[in-house]
Number of protein chains: 2
Amino acid sequence: MGMDERKFRILQAIIDDYILTAVPVGSRTISKKYDMGLSSATIRNEMSDLEELGYLDQPHVSAGRIPSAKAYRLYVDQLLHQGLLHSDSESAIRAHFLGRMRQMEDVIDHAAQVLSNLTNYTAVVLPPTGPQPRIRTLQLVPVSNNAALVVIVTDSGIVRDAVIRVSEQLDSDTLYAISKTLTKELSGRTLKEAVELLPQITGRMQDNEKLLQGLNNFFQENSDAANHHAHVAIGGRSNILNYPEYSDTEKARSFLSLMETRDKLASIIAQQGEMAFTVRIGPETGVPEMADCSIVTATYSTGNGQQGTIGVIGPTRMQYNRVLSILGTMGHQLSELFSDD
Amino acid sequence: MGMDERKFRILQAIIDDYILTAVPVGSRTISKKYDMGLSSATIRNEMSDLEELGYLDQPHVSAGRIPSAKAYRLYVDQLLHQGLLHSDSESAIRAHFLGRMRQMEDVIDHAAQVLSNLTNYTAVVLPPTGPQPRIRTLQLVPVSNNAALVVIVTDSGIVRDAVIRVSEQLDSDTLYAISKTLTKELSGRTLKEAVELLPQITGRMQDNEKLLQGLNNFFQENSDAANHHAHVAIGGRSNILNYPEYSDTEKARSFLSLMETRDKLASIIAQQGEMAFTVRIGPETGVPEMADCSIVTATYSTGNGQQGTIGVIGPTRMQYNRVLSILGTMGHQLSELFSDD
DNA sequence: TGTTAGCACTCACCGGAGTCGAGTGCTAAC
DNA sequence: GTTAGCACTCGACTCCGGTGAGTGCTAACA
């Protein structure tokens, strides 16, 4: 007993219907609503086969069938294969990014907001990571008598700053001079390299221990990959409550408290390879709290080859084609936006 | 019929019990659990009076009583008046802030996290606002051929930055020279004043339209009060689900989606005067979605007289004394932290 | 051999009746 | 003024039979 064309069409109909209604689908429904030219009895036989093949589950004997994770997987693979991602939402997304976005974080937050609005699911946007960013400029700005702000601009256009203590009374011009030296020596280096180079360089300068120490910490902290997850943007956290799957308060709570922990969420979303799209369905997510969720992700890239991830989390009966299309478009938009800078 | 000592003690017992159990309180419960030396019948009479006075509500005739908003108000006023805020959580909070916090936002996020953990309610922390911050230093850092990063350091130690376009090819030294001029002219001014002064100053410089335009926008945007709300920190969003009052999914959803809109939330939390503590109960919040929530806020201040707000949102049957004590301690800690810088 | 009509069977869901018990208000006695 | 006693109310829970969607199986048909 194999999976012939007809079985597939019936399965597809079942999935479509279930995605729409969240109610177990019966044989009669399929034979009537989706005119297959087959009687309910025939559909029943096929459904029985499909259940045996593992594509359908039956909550109880006198209810209809619901698609299994395996069924969604097949469905999604089909979608991805034939690539019918008609981007109708293109203009909607584009419109949202017309206003100039100033900072990385603004863009990310905004993207998550838009994604969740368009899909009605929970959206997560991770900032770009990838090849270590290289320092372009480093500048020290006086803040008070014994503190300075260190600002680095990297080739990815991302700016990082922190206040560090400086022991001596350093005026603006001195700080500028130091900045120039540091920029000259460190420009083109990654933050990791900078950590190693720092002692050599400062050895030649008049030593200022506190400054050195501060810079060192700063580089160390910022070169740390974990830190990149600091600015995960999440939108539509409570959207999951729109779906009957999560009308159970206990379930909703465990989901929502997972949404609170950015770090965990980031690592869940981030675990993906080079794929343009990733779809993880139910158990495939590897997260118990998401046993009946699906996670769809896409990537975008910045001018200098860094990669970021955008993702949508919803019930397994997700509108995959819609979500994939929207993610695709959003990915393009973000890539464009970031390659501009 | 007035409110005598005994009535008050009974009311207090009812409130305490209801806060604990969230179940309508009967006369028998009071007479047994809180040994008043009175029979249930007497309590019943008193409760009947208290209901007439508007301190108790009866969900239906054969259920116990629940405290009204008016009752909580009395209870809280009493608490505030006698000031018995024993800060047991002092050390817990202090411990959480031992590690150096680098940025304003980190502190704020962290504070919200800690607050929500300690109270088990939803916590909101607003960054300091108040007297317009005054510019201390302004510096332009080259980013690319046609863009520069403008960084201002204000007297409150808050740093704001943005990338602006510059048309001509300006090298690092030129930008530094411009920075020095601008710092000299603008130092001590508020951002609003800077907007007005800008044309005069740049009139004397070699004009660089794009730079001027960019700076103008930057000042404008950052002097805008609304912008200060950009970094509202929220912790324990889903804590509300721990309480039976919000086991109704529909209610939970409307609450949670309110928690998603930072702006609205900020304005709700922020509306308060000079008070050290504010307690708004149920209808007093003025927000329909929070008809059976209470909002408790406290303030903290920075070295230069700016004020921030921290708040906790929970069900009306909130553990007010605990929350007030924790908020008080947190307020102190934050004030200390910010006056340091 | 595949398709279909028919039929008995299953079982979740719904609404109504009955029961239980917590809690009240009232009255009369202390 | 306080309390014991009692009738009454009403939500919560349980039990139960009816209903209907849906299934599996069988036998007939093309």
Side-chain angles (χ1 to χ4, degrees), chain A residues 1-11 13-15 17-18 20-68 244-245 247-249, chain B residues 1-11 13-15 17-18 20-68 71 244-245 247-248:
Chain A
M1 176 183 59
M3 178 74 169
D4 58 17
E5 165 65 17
R6 195 174 72 178
K7 277 194 182 53
F8 186 77
R9 268 178 40 231
I10 291 175
L11 182 57
I14 293 173
I15 296 177
D17 200 76
Y18 189 70
L20 222 63
T21 64
V23 162
V25 189
S27 54
R28 229 177 102 81
T29 313
I30 297 302
S31 109
K32 280 189 126 180
K33 245 166 74 176
Y34 306 77
D35 46 317
M36 308 239 122
L38 292 173
S39 79
S40 65
T42 312
I43 306 277
R44 260 199 309 277
N45 289 331
E46 295 290 43
M47 281 166 87
S48 176
D49 290 354
L50 283 168
E51 184 174 355
E52 206 168 323
L53 287 167
Y55 291 108
L56 293 179
D57 288 329
Q58 207 171 10
H60 57 266
V61 61
S62 78
R65 285 358 194 255
I66 61 176
S68 68
E245 285 88 336
S247 60
D248 176 29
T249 320
Chain B
M1 177 183 60
M3 178 74 170
D4 58 16
E5 164 64 17
R6 195 175 72 178
K7 277 195 180 53
F8 187 78
R9 268 179 41 231
I10 291 175
L11 182 57
I14 293 173
I15 296 178
D17 200 76
Y18 189 69
L20 221 67
T21 65
V23 163
V25 188
S27 53
R28 231 177 102 79
T29 313
I30 296 302
S31 110
K32 280 191 125 177
K33 246 166 72 177
Y34 306 79
D35 47 317
M36 307 240 123
L38 291 174
S39 80
S40 66
T42 312
I43 308 275
R44 258 200 309 279
N45 289 332
E46 295 289 43
M47 281 165 86
S48 177
D49 290 353
L50 283 167
E51 184 174 356
E52 205 168 321
L53 287 166
Y55 291 108
L56 293 178
D57 289 328
Q58 207 171 11
H60 57 267
V61 60
S62 78
R65 291 346 199 260
I66 60 176
S68 68
E245 285 88 335
S247 61
D248 175 28

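FYI, side chains are in, hydrogens and waters are out, and symmetry mates aren't considered; it's all heavy atoms of this structure. So that the names make sense, note that chain A is the first sequence line, chain B the second, and so on, each numbered from 1.
- Comparing dA4(D), dT9(D), dT24(C) by their nearest atom to the side chain of V61(B) picks out dT9(D).
- Side-chain contact between S48(A) and R44(A) is absent, with no heavy atoms from C-beta onward closer than 4.5 Å.
- Residue R44(B) places no side-chain N or O under 4.0 Å from the OP1 or OP2 atom of dC6(D).
- Under the salt bridge (charged side-chain N to carboxylate O under 4.0 Å, His left out) test applied with D17(B), the options R28(B), R65(B), K33(B) reduce to a single match, K33(B).
- The distance from atom CZ of R28(A) to atom C1' of dT4(C) is 14 Å, rounded to the nearest whole Å.
- Residue S27(B) is classed as a sugar-phosphate contact, given heavy-atom separations below 4.0 Å to backbone atoms only.
- Phosphate contact (OP1/OP2 of dT4(C), side-chain N/O of T42(A), threshold under 4.0 Å): present.
- Between Q58(B) atom CD and dT24(C) atom C1' the separation is 7 Å, expressed in whole Å.
- Nucleotide dC26(C) forms a Watson-Crick or G-U wobble pair with dG5(D), both donor-acceptor distances falling under 3.5 Å.
- Comparing dT4(C), dG5(D), dG22(D) by their closest approach to the side chain of A41(A) singles out dT4(C).
- Here dT24(C) presents its C1' atom at 16 Å from CD of E46(B), a figure rounded to the nearest Å.
- S62(B) has no side-chain polar atom (N or O) that falls below the 4.0 Å cut-off from OP1 or OP2 of dC8(D).
- Between dT24(C) and R65(B), a contact under 4.0 Å exists linking OP1 or OP2 to a side-chain N or O.
- Here the CG-CZ distance, from L38(A) to R6(A), works out to 5.0 Å after rounding to the nearest 0.5 Å.
- With rounding to whole Å, M36(A) atom CE is found 14 Å from dT3(C) atom P.
- In this structure, I43(A) places its CD1 atom 16 Å from C1' of dG24(D), rounding to the nearest Å.
- Just one of L11(B), I66(B), D49(B) meets the side-chain contact (heavy atoms from CB on, under 4.5 Å) condition when paired with L56(B); it is L11(B).
- Both L38(B) and M47(A) lie near DNA chain D, and the one whose nearest nucleotide falls closer to the 5' end is L38(B).
- Out of dG24(D), dA4(D), dG25(C), the shortest distance to the side chain of S39(B) is found at dA4(D).
- Nearest nucleotide to the side chain of N45(B), out of dC10(D), dT3(D), dC26(C): dT3(D).
- The backbone N or O of G54(B) sits less than 3.5 Å from a side-chain atom of S68(B), completing a donor-acceptor pair.
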